[in-house]
There are 2 protein chains.
Amino acid sequence: MDDVNIVPAKRPRRPPPRSAYHHGNLRQALIEAGLAHLERNDADTLSLRDLARRTGVSANAVYRHFEDKAALQAALAAEGFRRLLAEQKAAAEAHRSPRVTLLEAGRAYLRFARSQPALYRLMFGHYGATHRQGELGEAAVASFGELGRQVGAAFDLADTDPRVAPSTVYVWALVHGLSALWIDGQFEDMAADPAALVESVVQLAVAVAPPMVTTSSRKNAKRGR
Amino acid sequence: MDDVNIVPAKRPRRPPPRSAYHHGNLRQALIEAGLAHLERNDADTLSLRDLARRTGVSANAVYRHFEDKAALQAALAAEGFRRLLAEQKAAAEAHRSPRVTLLEAGRAYLRFARSQPALYRLMFGHYGATHRQGELGEAAVASFGELGRQVGAAFDLADTDPRVAPSTVYVWALVHGLSALWIDGQFEDMAADPAALVESVVQLAVAVAPPMVTTSSRKNAKRGR
DNA sequence: GCACGATGTTGACGTCGTCCACATGGGGCA
DNA sequence: TGCCCCATGTGGACGACGTCAACATCGTGC
């Protein structure tokens with residue numbers, strides 16, 4: 001976010017909007033405007049023209065930095081995964097026991113989704129399908145990889161790669177499902193306090209966790225990759 | 001779907017497009033066109049004008065039957081929940097043991113999401129937020145209620161209302177998370193056979209299930225409501 | 001010191017959701 | 001039996017959107 005001013009050595013420092021014509025760092029400015037928009041609005045209200053307007057630039061300038069709207073959305077989603085990863089790691093650093101680490105990382109995940117619902121929805125929209133091999137794919141894999149590392153530390157995965165272990169996918173699906181349902185307001189008329197309901201589900205998952213050793217997955221564990 | 005021809009007694013039977021002017025049953029025709037569209041296209045490509053065109057009617061005719069686009073989407077989502085419910089019930093009828101019933105219903109749920117990804121996404125988009133108290137809300141609650149019934153039959157919920165029991169939400173979140181991640185292609189580059197990965201997670205959930213008696217939830221179980 | 005390529009601008013096109021005024025015609029009542 | 005009403009559908013328009021093509025601007029590298 002603030003590595004904007006660290007330049008790649010060949011292209012000398014780009015001082016703030018030198019002329020009123022060339023913006024300076026439009027790409028980053030557009031992404032920030034997009035993130036700001038998503039903090040207050042639904043994901044489907046995002047508009048290239050609006051972002052350009054807000055950045056004080058013509059509508060078509062956007063196309064110098066993003067192939068199309070989907071590319072901008074993918075960039076926003078990628079930034080979302082990077083921020084999510086940061087929270088996952090922060091949760092991991094604050095605790096010693098691998099089990100507690102995993103629990104707190106899960107809670108951090110839920111907190112992230114709740115605090116940035118529109119961004120979260122964008123991250124898991126179908127945009128990944130078209131931009132899987134770009135920075136979006138990398139950022140998503142990094143986030144999921146961290147989860148795998150944490151699950152691997154907390155449970156005996158019988159030398160399965162944590163990233164493809166059923167246990168990891170299990171945890172991911174549970175936390176993602178909880179996040180998605182919560183965000184979509186599905187718990188709103190189910191419980192007076194949705195947060196308490198979610199926490200009780202988390203507790204249930206923890207209570208059920210101990211025997212979570214993948215015995216059956218040992219046989220068909222694809223080693224390596 | 002075919003109760004279209006059962007008329008409310010006061011308004012005599014509505015024979016097929018009597019004049020070329022008045023359509024006959026435009027509302028249903030639009031919904032069917034929408035469902036057909038969602039079988040082949042992403043949810044965000046859905047357009048009122050296109051549906052009207054396909055139904056052989058002017059763009060504005062739609063507004064005689066739906067307040068706006070969101071209302072049409074809500075109607076489609078509601079129909080989705082009704083179909084999902086039908087599959088859940090079908091799975092329940094085919095098996096005796098409550099545990100097996102729940103397992104098969106879960107698999108049916110996953111199958112539904114996989115076979116109708118765009119519709120499924122619409123059902124869990126944020127459209128519910130604005131149309132919670134309409135037919136969408138009712139259909140969603142009915143589907144979730146069926147899940148609660150099945151969970152209640154399969155586990156000892158300690159006299160908690162199954163619809164608000166952590167166990168039910170737990171199962172729902174897990175299956176929904178699995179569906180959503182699968183649909184969004186998140187398993188695509190994780191496993192050669194995503195379906196097998198998902199099944200292994202389901203197996204893991206089943207293996208972990210037996211002790212799933214909500215002991216802690218007994219204390220703060222809000223009775224009734 | 002100049003030309004060139006990266007960056008932005010202007011204008012236009014087709015599509016979309018939605019509003020308004022108006023057309024149509026079938027069923028309930030006289 | 002016939003007429004009128006109102007649910008239903010039409011036509012045209014508006015502003016916003018994503019995107020394309022042609023053109024303008026400018027700072028850097030030779």
Side-chain angles (χ1 to χ4, degrees), chain A residues 4 7-31 33-34 37 41-76 122 125 127 130-131, chain B residues 4 7-31 33-34 37 41-76 122 125 127 130-131:
Chain A
V4 167
V7 270
K10 190 61 188 204
R11 207 176 264 294
R13 116 235 93 190
R14 186 76 65 101
R18 190 180 284 280
S19 64
Y21 199 87
H22 288 88
H23 179 281
N25 198 338
L26 184 52
R27 182 185 163 94
Q28 194 58 30
L30 285 170
I31 288 185
H37 180 90
N41 307 94
D42 276 339
D44 61 329
T45 68
L46 202 113
S47 138
L48 291 189
R49 294 184 106 110
D50 180 56
L51 257 36
R53 219 174 290 131
R54 251 176 242 284
T55 317
V57 111
S58 90
N60 279 328
V62 179
Y63 289 86
R64 295 295 154 188
H65 301 274
F66 301 97
E67 192 177 338
D68 54 12
K69 189 181 183 180
L72 202 228
Q73 288 170 314
L76 290 172
L122 198 60
Y127 307 105
T130 29
H131 290 85
Chain B
V4 168
V7 269
K10 190 61 187 205
R11 209 174 262 295
R13 114 236 91 189
R14 186 77 64 103
R18 191 180 284 280
S19 64
Y21 199 90
H22 288 87
H23 180 282
N25 199 337
L26 183 53
R27 181 186 164 94
Q28 194 59 30
L30 286 170
I31 288 184
H37 180 91
N41 308 95
D42 277 339
D44 61 331
T45 68
L46 202 112
S47 138
L48 291 189
R49 294 182 105 108
D50 180 56
L51 257 36
R53 220 175 290 133
R54 251 175 242 287
T55 316
V57 110
S58 89
N60 280 326
V62 179
Y63 289 87
R64 295 294 157 190
H65 301 275
F66 301 97
E67 191 176 341
D68 55 13
K69 188 182 184 182
L72 202 229
Q73 288 170 316
L76 290 171
L122 198 60
Y127 307 104
T130 28
H131 290 84

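In what follows, every heavy atom counts, from backbone to side chain, and hydrogens, waters and symmetry copies are set aside. Lettering of chains follows the sequences in order, A, B, ..., and the numbering in each one begins at 1.
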Between [atom2] of [N] and [atom1] of [X], the distance in whole Å:
X	N	atom1	atom2	result
A:L46	D:dC17	CG	C1'	12 Å
B:D68	D:dA16	CG	P	19 Å
A:F66	D:dT19	CZ	C1'	16 Å
B:H37	C:dC16	NE2	C1'	13 Å
B:N25	D:dA7	CG	C1'	14 Å
A:L48	C:dG8	CG	C1'	15 Å
A:L26	C:dA6	CG	C1'	12 Å
A:D44	D:dG18	CG	C1'	15 Å

Between [N] and [X], is there an OP1 or OP2 to side-chain N/O distance shorter than 4.0 Å?
X	N	value
B:S58	D:dG9	no
B:S47	C:dT15	no
A:H65	C:dA6	no

(message) Both B:K69 and B:R64 contact DNA chain C. Taking the nearest nucleotide for each, which residue is further toward the 5' end?
(response) B:K69
The side chain of [X] is closest to which nucleotide in this list: [options]?
X	options	value
B:Y63	C:dG17, D:dT19, D:dT10	C:dG17
B:R53	C:dC16, D:dT19, D:dT10	C:dC16
B:D50	C:dC16, C:dG17, D:dG18	C:dC16
B:N60	C:dG8, C:dC19, D:dG18	C:dC19
B:R49	D:dC20, C:dT9, C:dT18	C:dT18

(request) Check whether the side chains of B:H37 and B:T45 place a donor and an acceptor atom closer than 3.5 Å, and report yes or no. (result) yes
(message) Tell me the closest heavy-atom pair linking A:F66 and A:L30, and the distance in Å.
(response)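 Heavy atoms of A:F66 and A:L30 come nearest at CE1-CD1, 4.0 Å.
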(request) Output the distance between atom NZ (B:K69) and atom CG (B:L48), rounded to the nearest 0.5 Å. (result) 6.0 Å
(message) What's the separation between atom CG in A:D44 and atom CG in B:D44, rounded to the nearest 0.5 Å?
(response) 9.5 Å
(request) Between B:V62 and A:E67, just flag the one whose closest nucleotide in DNA chain D comes earlier from the 5' side. (result)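 So the residue in question is B:V62.
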(message) Has B:R49 got a side-chain atom pairing as donor or acceptor with B:A59's backbone, closer than 3.5 angstrom?
(response)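 It does not hold such a pair.
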